[in-house]
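This report concerns only the one structure given below.
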Number of protein chains: 2
Amino acid sequence: MDEVFKALADASRRSLLDRLHAKNGQTLNELCDGLAMTRQAVTKHLGILEAANLVTTLRHGREKLHYINPVPIHQIGERWIRKFERGKLAALSELKRQLEKRDE
Amino acid sequence: MDEVFKALADASRRSLLDRLHAKNGQTLNELCDGLAMTRQAVTKHLGILEAANLVTTLRHGREKLHYINPVPIHQIGERWIRKFERGKLAALSELKRQLEKRDE
DNA sequence: ATAATAGGCAACTAAAAGGTTGCATGTCAA
DNA sequence: TTGACATGCAACCTTTTAGTTGCCTATTAT
């Protein structure tokens with residue numbers, strides 16, 4: 001879980017996921033296009049995404065195709081985001097109450 | 001948005017949010033209990049959470065009370081997580097198809 | 001008043017992150 | 001088979017991050 005959060009912390013990596021979301025199965029060179037960094041930097045980012053299981057790769061001859069794996073993102077939604085959404089209204093109203101008490 | 005992802009990338013900070021979720025409105029010293037780091041380190045983490053708007057504080061005499069703000073977490077769920085959940089099944093089935101093609 | 005309590009500020013350190021350059025390897029096309 | 005293309009590996013550099021120590025300030029209780 002920590003690896004996934006860490007992987008998502010970088011804007012370049014999120015943008016890579018965005019691009020794979022738009023078009024799945026891209027090669028390394030395809031994913032490099034338009035990014036202001038070297039191929040090697042992109043390789044590292046993809047490696048981190050792969051280590052976090054957010055991306056799966058498939059060799060096809062000399063090409064490496066990258067596929068997004070939506071499962072870890074979904075898990076974060078389930079195990080983490082939702083947890084905080086449950087208490088959402090309660091937390092906000094309590095905060096509001098406290099803020100108002102300040103002016104007494 | 002980037003600040004929020006970055007803030008969530010650290011396990012200590014997520015644990016602080018967890019603790020505030022369990023009991024909202026804790027003081028700095030309260031939040032230090034049981035953590036294997038100095039008060040100053042916790043202060044920094046809370047500062048990052050505050051900068052990302054994940055935590056709001058309220059001074060009460062010499063105490064500083066920390067309240068969780070669930071809104072940014074919710075926004076990440078809405079604007080980010082859900083986006084990838086939509087294409088989820090499609091992405092997985094395409095990946096599966098590609099993986100099977102490998103063995104031809 | 002004064003001591004204890006709650007927190008703030010700043011300088012410093014170590015390690016990790018993000019990126020680079022240079023070179024090596026495997027695969028495809030002519 | 002040879003050159004071009006797609007990717008891999010490794011050493012290196014710079015900035016950021018997580019944490020520390022040391023000292024200062026404000027509030028509260030005795």
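The structure displayed is predicted, hence computed values, not measured ones. Side chains included, hydrogens not; waters and symmetry mates left out as well; all remaining heavy atoms used.
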Pairwise side chain to side chain donor-acceptor pair (under 3.5 Å) hits with a residue in residues 35-48 of chain B, at least two apart | B:Arg13-B:His45

What are the two closest heavy atoms between A:Lys83 and B:His21, and how far apart are they?
-> O-NE2, 3.2 Å

Residues from residues 38-47 of chain A sitting under 4.0 Å of DNA chain C, heavy atoms only?
-> A:Thr38, A:Gln40, A:Ala41, A:Lys44, A:His45

Residues B:Leu17 and A:Phe84: closest non-hydrogen pair is O-CE2, 3.7 Å

Donor-acceptor contacts, no H, no angles, side chain residues 25-37 of chain A, under 3.5 Å, sequence neighbours left out:
{"unit_1": "A:Gln26", "atom_1": "NE2", "unit_2": "A:Arg19", "atom_2": "O", "d": "3.1"}
{"unit_1": "A:Gln26", "atom_1": "NE2", "unit_2": "A:Lys23", "atom_2": "O", "d": "3.0"}
{"unit_1": "A:Thr27", "atom_1": "OG1", "unit_2": "A:Glu30", "atom_2": "N", "d": "3.1"}
{"unit_1": "A:Thr27", "atom_1": "OG1", "unit_2": "A:Glu30", "atom_2": "OE1", "d": "3.4"}
{"unit_1": "A:Glu30", "atom_1": "OE1", "unit_2": "A:Thr27", "atom_2": "N", "d": "3.0"}
{"unit_1": "A:Glu30", "atom_1": "OE2", "unit_2": "A:Lys23", "atom_2": "NZ", "d": "2.5"}

Across all chains, not counting sequence neighbours, the side-chain hydrogen bond (donor to acceptor under 3.5 Å, both in side chains) partners of A:Lys6 are A:Asp2

Taking any atom under 4.0 angstrom from a heavy atom of chain B, which nucleotides of DNA chain D are the first and last to qualify, 5' to 3'?
-> D:dT17 to D:dT28

Nucleotide range of DNA chain C contacted by chain A, 5' to 3', under 4.0 Å to a heavy atom?
-> C:dG18 to C:dC28

Those residues at least two apart in sequence (or on a different chain) that pass side-chain contact (heavy atoms from CB on, under 4.5 Å) with B:Ala52 are B:Glu3, B:Val4, B:Ala7, B:Leu54

Sorted by chain and number, sequence neighbours left out, side-chain hydrogen bond (donor to acceptor under 3.5 Å, both in side chains) with B:Glu50 holds for B:Thr57

Going from CG on B:Asn69 to CG on B:Leu20, what distance comes out if it is rounded to the nearest 0.5 angstrom?
-> 11.5 Å

Test salt bridge (Lys or Arg N to Asp or Glu O under 4.0 Å) applied to A:Glu78 - qualifying residues, sequence neighbours left out = A:Arg82

